[in-house]
Protein chains: 2
Amino acid sequence: MSHEVEQRSLARYLEEHNLKHTKQREAILEVFLSATGHITGEEIYRQVKEKHPNIGYTTVYRTMKLLCDAGLSSERHFDDGIARYEIAHEHHDHLVCVRCGKIIEFECSMIESAQDVIAARYDFRVLRHRHELYGHCSSCRED
Amino acid sequence: MSHEVEQRSLARYLEEHNLKHTKQREAILEVFLSATGHITGEEIYRQVKEKHPNIGYTTVYRTMKLLCDAGLSSERHFDDGIARYEIAHEHHDHLVCVRCGKIIEFECSMIESAQDVIAARYDFRVLRHRHELYGHCSSCRED
DNA sequence: ACTGAAATTGAATGTGATTTTCAATTTCAC
DNA sequence: GTGAAATTGAAAATCACATTCAATTTCAGT
């Protein structure tokens, strides 16, 4: 509950694409939205399983792919190679704490414009980018 | 041949770590160094196989890991998730052409310093970063 | 509410890159 | 040359995720 906007957004996507509204999809959307973000498929699976013990891994992966297609989520891969799903919003980049695993989002127009310079230098047409800073967050540095 | 510096560097690493000097390791180093860079394990395997038909996948992967530990190579993962090995050198970032797969290295001090600003803002200690621009290279845009 | 065609589900199985296992082989210090 | 320790390679395991397919569920049309 309390994610009415996204629920409606999913419902619209399903209707427009002749797809069906199921308990599983609703449950997975709910878990995904309630997470702090950057949750893995495995974590979603475990949490959905609590309320829907019969749900399968397959459905979780398929539904997350659906949510990505619907524009509600986007899939990210950090250095461990495991897919993580974040709530879709404005372009941004990430700080990843290698100790506690915390992922912080940031945006920086200075970097964006620097990229334009690089692209021009190599006559390259940039479609997207990924920029990740790996290190230690402040709370992991407090002894 | 003609990669004497690296051969000596590997030899030194092997000695220091009580590891052994083998034909396979030499052959893999040779193929790796002769590549244009950003070669996959599979590609190394195929090329080494030409001169050493009995070599196994396993040895290639193990040896590339060794070369990384020895500081001669570094492993990179781009969006396709497949490990690529590049010749270790100064820090740099990458432009990746999503059409032809070409990988161009670049460095940009403007971006590096912008990162410091971000790190300070979040009180984050950056250990390393990855910055990849995906798009179309100039030759892929020529119709 | 009822029906049935189409979509969905989930268990089992497949996939693909890489890793591990392990018996046989090779290296190298003595 | 000898033998202990490292290395090799074939086969099997792993790990995250994708595909298959028979059984179930949804929902538009009645």
Side-chain angles (χ1 to χ4, degrees), chain A residues 7 10-29 31-32 38-70 73-85 101, chain B residues 7 10-29 31-32 38-70 73-85 101:
Chain A
Q7 285 169 5
L10 173 60
R12 187 154 43 81
Y13 182 85
L14 293 174
E15 279 171 35
E16 285 172 356
H17 294 260
N18 279 104
L19 302 174
K20 293 179 177 172
H21 194 273
T22 66
K23 295 183 211 313
Q24 289 92 332
R25 284 174 177 169
E26 206 167 316
I28 291 167
L29 174 64
V31 166
F32 164 63
H38 304 101
I39 192 172
T40 63
E42 154 101 40
E43 286 161 351
I44 295 171
Y45 172 70
R46 280 211 315 275
Q47 289 186 38
V48 175
K49 194 106 184 167
E50 288 174 14
K51 291 214 168 186
H52 302 261
N54 293 329
I55 206 160
Y57 246 96
T58 316
T59 302
V60 172
Y61 281 111
R62 273 191 294 224
T63 301
M64 289 316 300
K65 195 171 188 309
L66 175 72
L67 295 185
C68 289
D69 292 343
S73 176
S74 44
E75 190 178 332
R76 294 272 181 177
H77 292 261
F78 297 103
D79 270 3
D80 62 7
I82 299 168
R84 279 159 209 280
Y85 300 95
Chain B
Q7 285 169 4
L10 174 59
R12 185 154 43 81
Y13 182 85
L14 294 175
E15 279 170 38
E16 285 172 356
H17 294 260
N18 279 104
L19 302 175
K20 294 178 178 171
H21 194 273
T22 66
K23 294 182 211 313
Q24 290 91 332
R25 285 174 176 168
E26 207 167 314
I28 291 167
L29 174 64
V31 166
F32 165 63
H38 303 101
I39 192 173
T40 63
E42 154 101 39
E43 286 161 351
I44 295 171
Y45 171 70
R46 281 212 314 276
Q47 290 185 37
V48 175
K49 193 106 182 164
E50 288 175 16
K51 291 214 169 185
H52 301 260
N54 291 329
I55 207 160
Y57 246 97
T58 318
T59 302
V60 172
Y61 281 111
R62 273 190 294 222
T63 301
M64 290 316 299
K65 193 169 190 312
L66 175 72
L67 295 185
C68 289
D69 291 343
S73 175
S74 44
E75 190 177 332
R76 294 271 182 179
H77 291 261
F78 297 103
D79 271 4
D80 63 5
I82 298 169
R84 281 161 208 280
Y85 300 96

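Keep in mind that the numbers below use all heavy atoms, side chains included, and drop hydrogens, waters and symmetry copies. Proteins come first, then strands; the chains are lettered A, B, ... in the order of their sequence lines, and each starts at number 1.
- B/Tyr13 places its OH atom 14 Å from the C1' atom of D/dA6, with the value rounded to the nearest Å.
- In this structure, B/His77 places its NE2 atom 15 Å from P of D/dA16, rounding to the nearest Å.
- The interatomic distance linking A/Glu15 (CD) with C/dA6 (P) rounds to 20 Å, in whole Å.
- For the pair B/Ile82 CD1 and D/dC15 P, the computed distance is 20 Å after rounding to whole Å.
- Between A/Asn54 atom CG and C/dA12 atom P there is a gap of 13 Å when expressed in whole angstrom units.
- Residues satisfying the salt bridge (charged side-chain N to carboxylate O under 4.0 Å, His left out) test with A/Arg84, not counting sequence neighbours, are A/Asp80.
- For C/dA7, the OP1/OP2 oxygens have no side-chain nitrogen or oxygen of A/Arg25 closer than 4.0 Å.
- In this structure A/His21 satisfies the ring pair (Phe, Tyr, Trp, His ring centres under 6.0 Å) test with no other residue, sequence neighbours excluded.
- Not a single salt bridge (charged side-chain N to carboxylate O under 4.0 Å, His left out) links A/Glu75 to another residue, sequence neighbours left out.
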Could you list, one pair per line, each protein nitrogen or oxygen that sits under 3.5 Å from a nitrogen or oxygen of nucleotides 23-30 of chain D, together with the distance?
unit_1: D/dT26; atom_1: O2; unit_2: A/Lys20; atom_2: NZ; d: 2.7
unit_1: D/dC27; atom_1: OP1; unit_2: A/His21; atom_2: N; d: 3.1

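- For the salt bridge (charged side-chain N to carboxylate O under 4.0 Å, His left out) test, no residue two or more places apart in sequence or in another chain qualifies with B/Asp69.
- Comparing B/Lys49 and B/Leu14 by the nucleotide of DNA chain D whose heavy atom lies nearest to each, the residue mapping closer to the 5' end is B/Leu14.
- One atom, OH of B/Tyr45, and another, C1' of D/dA10, lie 10 Å apart when rounded to the nearest Å.
- Distance A/Asp80 CG to D/dA16 P: 10 Å, rounded to the nearest Å.
- Residues from residues 55-64 of chain B lying near DNA chain D, meaning a heavy-atom separation below 4.0 Å, are B/Ile55, B/Gly56, B/Thr58, B/Thr59, B/Arg62 in numerical order.
- Taking all atoms of both residues into account, the shortest heavy-atom contact from A/Tyr61 to A/Tyr85 is CD2-OH, 3.9 Å.
- Each end of the helix from C/dA1-D/dT30 to C/dC30-D/dG1 yields a helix axis from five base pairs, and these two axes differ in direction by 30° (to the nearest 10 degrees).
- Partners of A/Glu26 under the salt bridge (charged side-chain N to carboxylate O under 4.0 Å, His left out) rule, at least two apart in sequence or in another chain, do not exist in this structure.
- For A/Val31, the side chain to side chain contact (heavy atoms under 4.5 Å, CB included) partners are A/Ile44, A/Gln47, A/Val48, not counting sequence neighbours.
- Listed by chain and residue number, A/Tyr13 satisfy the ring pair (Phe, Tyr, Trp, His ring centres under 6.0 Å) test with A/His17 (two or more places apart in sequence, or in another chain).
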### Message
Checking B/Lys49 against B/Tyr45 for the side-chain hydrogen bond (donor to acceptor under 3.5 Å, both in side chains) test, could you report, in this order, the C-alpha distance in whole Å, the side-chain angles of both residues, the deciding distance, and whether it holds?
### Response
CA-CA 6 Å; B/Lys49 193 106 182 164; B/Tyr45 171 70; 2.9 Å; yes

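- For A/Thr22, the side chain to side chain contact (heavy atoms under 4.5 Å, CB included) criterion is met by A/Gln24, A/Arg25, not counting sequence neighbours.
- In this structure, the side chain to side chain contact (heavy atoms under 4.5 Å, CB included) partners of B/Arg46, at least two apart in sequence or on a different chain, are B/Glu42, B/Glu43.
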